[in-house]
Amino acid sequence: MKRARTVMLQGTSSGVGKSLLAAALCRVLRRRGMSVLPFKAQNMSLNVAVTADGGEVARAQALQAVACGVDVTTDMNPILIKPDGEHSAQVVVDGSVVGRMTAHDFHQLKPRLWQSVAGAIDRLRAQCDVLVVEGAGSPAEVNLRDRDIVNMRVAAYAGAPVLLVADIDRGGVFASLLGTLDLLRAGERRMVRGLVVNNFRGDRAAFAEGIAFLQQRSRLPVIGPVPHVNGLHLAEEDALGLPSLRRGAHRDKAALDVAVLSLPRMSNFDDCDPLHRERGVGVRMVDSGDRLGDPDLVVLPGSKTTLADLDVLRERGVDRALRAARDRGTAVLGICGGMQLLGRVLSDPDGVDGERRGRGRGLGLLPTSTRMGQAKVVRRVSGEVLDVPGLFAAARGLAVSGYEVHVGSTPAAAPPLRLRDAGGDAWEDGATSEDGWVAGTHVHGLFEETALRRALLRAVAEHRGRRWRPGSVVPDTESELDRLADALESSVDMHRVLAIIDAGAP
């Protein structure tokens, strides 16, 4: 049986850029004529993608699959943890939900989970030339070492040489790299074959002394430093990437002001990324009513804990501010959990959607009610926009594509979309207010379709008396991945990286 070569990116901590570096490496190897596949044993994320057969995986592995030129599969991320409370999370194994668990319950399941991890590695290695593996968190979490199924145990099973990644932009790069190495067991330490200094800004020559120090102290080559890539528009793996959007993504001179409500348990918040790429559109995160102001469009993203997030919105005065903005002419769009929040009633008697059970009064801007149930809808969809007034009026007949991930049932009410699944079944989806300027849909990925996205933005601009013209080119995922790969190739000695891959783990 064919067994691909492997390489693994591990980090000194979460958020050091492993996911994007793995995507860049996948694209570089693919451009060199190799068949490449990505893998991460376990991911904790509320930003998910849907596979062709209706499984859930983390968005990061879906992006890496795009970098490899293949469709994402559940083998690329066999374990997905979706936090839904302070002490519990929904656990997805091989694409399907196995239940809600505490940390103790999850650790008890580790023997079964390892079988899924090992099986996925074996199947993927039989399909490619190189398997690019991503770790999680840090391999130096000594309290978790004996229960590891995502870092060094994976590297050992896959025979993967490890590149240890640190983010210099966070500070403490020398301590994080050398300290991590110091905490590894001798056998684990030998598996590390290179160090990666990521997110470097400024003159590379000015860091030459630092590279020499790291190489002398660690006796390992420094791969890089890899430069910071400005203005990169690729989906964030988790909420660690959102502070930059909160700090400064809203452009004061933008023709359109889009406010995205920041929910405590947002899911699939990358739905709004395409809006951020449009010239003349300012996108900002809003977490309290006094910060909402008078936006042209408010987007309510998905939520993993809809009832609990509804309580938080009320505590922060978002409900009152949203109704006031709506009365002033602001357009409102809810996506999945966001649509559920906009309805009149939310009911979750069994606590299916999180730790909060019971019934809640929604924001009341859509004529809908939602009831949570045990059955979960996970599917890719396509379709077209129906003839409805308001926000979707200028988009009538345009194509829609995306995916659904939800447990709630929300009957359609003046629906804006007609959808189909892969089996050909068709239905109408979503809801609109009487005037059409409040709308909702279950479909994630709605804004990825350029024609639809721009039709909605033009409608908002006209409704608000704004002058907005789209730019000629919007960076797409393929071009951004190429830009990321270019940065990696220009800064890294790829001959050395290939030699490390060919040599394998010691």
Side-chain angles (χ1 to χ4, degrees), residues 4-11 14-32 34-52 55-81 92 94-95 117 120-121 123-125 127-137 150-151 154-155 158 160 162-163 165 196 198 226 229 232-238 240-241 268 270 273 403 445 448 475-489 492 494 497 501:
R5 292 167 291 167
T6 56
V7 63
M8 187 169 192
L9 299 176
Q10 295 187 17
S14 296
V16 298
K18 300 185 302 294
S19 294
L20 289 184
L21 279 176
L25 183 56
C26 286
R27 178 54 61 98
V28 168
L29 296 175
R30 177 191 172 197
R31 294 198 306 202
R32 290 173 177 245
M34 304 175 199
S35 63
V36 192
L37 293 176
F39 176 78
K40 184 169 183 174
Q42 173 188 309
N43 216 328
M44 180 178 289
S45 178
L46 292 178
N47 230 17
V48 305
V50 173
T51 63
E56 289 184 77
V57 296
R59 172 66 63 190
Q61 278 59 67
L63 179 66
Q64 291 161 7
V66 173
C68 295
V70 299
D71 199 3
V72 67
T73 68
T74 56
D75 276 347
M76 296 173 187
N77 177 212
I79 304 168
L80 175 62
I81 302 172
V92 178
D94 296 328
V117 170
I121 292 172
R123 288 188 292 272
L124 292 175
R125 290 187 72 188
Q127 300 170 36
C128 63
D129 298 324
V130 181
L131 184 66
V132 175
V133 184
E134 180 189 343
V150 69
N151 284 314
V154 169
V162 173
L163 302 178
V165 181
V196 180
N198 193 28
V226 179
V229 182
L232 196 64
H233 294 294
L234 290 171
E236 295 287 353
E237 177 179 22
D238 52 39
L240 286 173
N268 295 75
D270 61 332
D273 284 356
Y403 58 96
E448 291 290 344
D476 61 15
T477 298
E478 290 288 347
S479 62
E480 292 292 79
L481 283 169
D482 281 332
R483 189 156 70 96
L484 186 64
D486 290 342
L488 184 66
E489 278 200 288
V492 166
M494 282 304 301
V497 173
I501 294 173

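Small disclaimer: the values here were computed from a predicted structure and weren't measured.
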Reported SG-to-CG distance for the pair C26 and L131, which is rounded to 0.5 angstrom = 8.5 Å

request  = Give a yes or no answer on whether the side chain of N47 reaches the backbone of N268 with a donor-acceptor pair at less than 3.5 Å.
outcome  = yes

Under 3.5 Å donor-acceptor, R59 side chain and A49 backbone = no

message = Tell me if a side-chain donor or acceptor on D75 pairs with a main-chain N or O of N77 at a distance below 3.5 Å.
response = no

key: Close side-chain approach of L484 and L232, heavy atoms under 4.5 Å   = yes

task = Please identify each residue that fulfils side-chain contact (heavy atoms from CB on, under 4.5 Å) with N198, with sequence neighbours left out.
result = L21, V165, V226

key: Set of residues satisfying side-chain contact (heavy atoms from CB on, under 4.5 Å) with respect to R31, sequence neighbours excluded   = R27, D482, A485, D486, E489

key: Those residues that, when tested against D94, pass salt bridge (Lys or Arg N to Asp or Glu O under 4.0 Å) (two or more places apart)   = none

query = Side chains of L37 and M76: does their closest heavy-atom pair fall under 4.5 Å?
reply = yes

ask   = Are V28 and V492 close enough that some pair of their side-chain heavy atoms sits under 4.5 Å apart?
value = no

query = With a 4.5 Å heavy-atom cut-off, do I81 and N43 have their side chains touching?
reply = no

note = salt bridge (Lys or Arg N to Asp or Glu O under 4.0 Å) filter on R483, not counting sequence neighbours, yields E480

ask   = When rounded to the nearest 0.5 angstrom, what distance separates NZ in K18 from NZ in K40?
value = 5.0 Å

Expected output: side-chain S35 to main-chain D129 donor-acceptor under 3.5 Å = yes

task = Tell me, with the steps shown, if L63 and L20 meet side-chain contact (heavy atoms from CB on, under 4.5 Å).
result = CA-CA 9 Å; L63 179 66; L20 289 184; 3.8 Å; yes

request  = Return the set of residues passing salt bridge (Lys or Arg N to Asp or Glu O under 4.0 Å) with R5 (not counting sequence neighbours), or none when no residue passes.
outcome  = D502

inquiry  = What I'd like to find out is whether the side chain of V48 reaches to under 4.5 Å of the side chain of V57, using heavy atoms alone.
reply    = no

ask   = So, D270 side chain and D273 main chain: donor-acceptor pair closer than 3.5 Å or not?
value = no

ask   = So do V130 and T6 actually touch side chain to side chain, heavy atoms under 4.5 Å?
value = no

ask   = How about L163 and M8: do any of their side-chain heavy atoms sit closer than 4.5 Å?
value = no

ask   = When you look at Q10 and V196, which way does the side-chain contact (heavy atoms from CB on, under 4.5 Å) test go after all the steps?
value = CA-CA 10 Å; Q10 295 187 17; V196 180; over 6 Å; no

query = Sequence neighbours excluded, which residues qualify as side-chain contact (heavy atoms from CB on, under 4.5 Å) partners of A4?
reply = R125, C128

message = Ignoring hydrogens and geometry beyond distance, is a side-chain donor-acceptor pair present between Q61 and E134 at under 3.5 Å?
response = yes

ask   = Is any side-chain heavy atom of V154 less than 4.5 Å from a side-chain heavy atom of F39?
value = yes

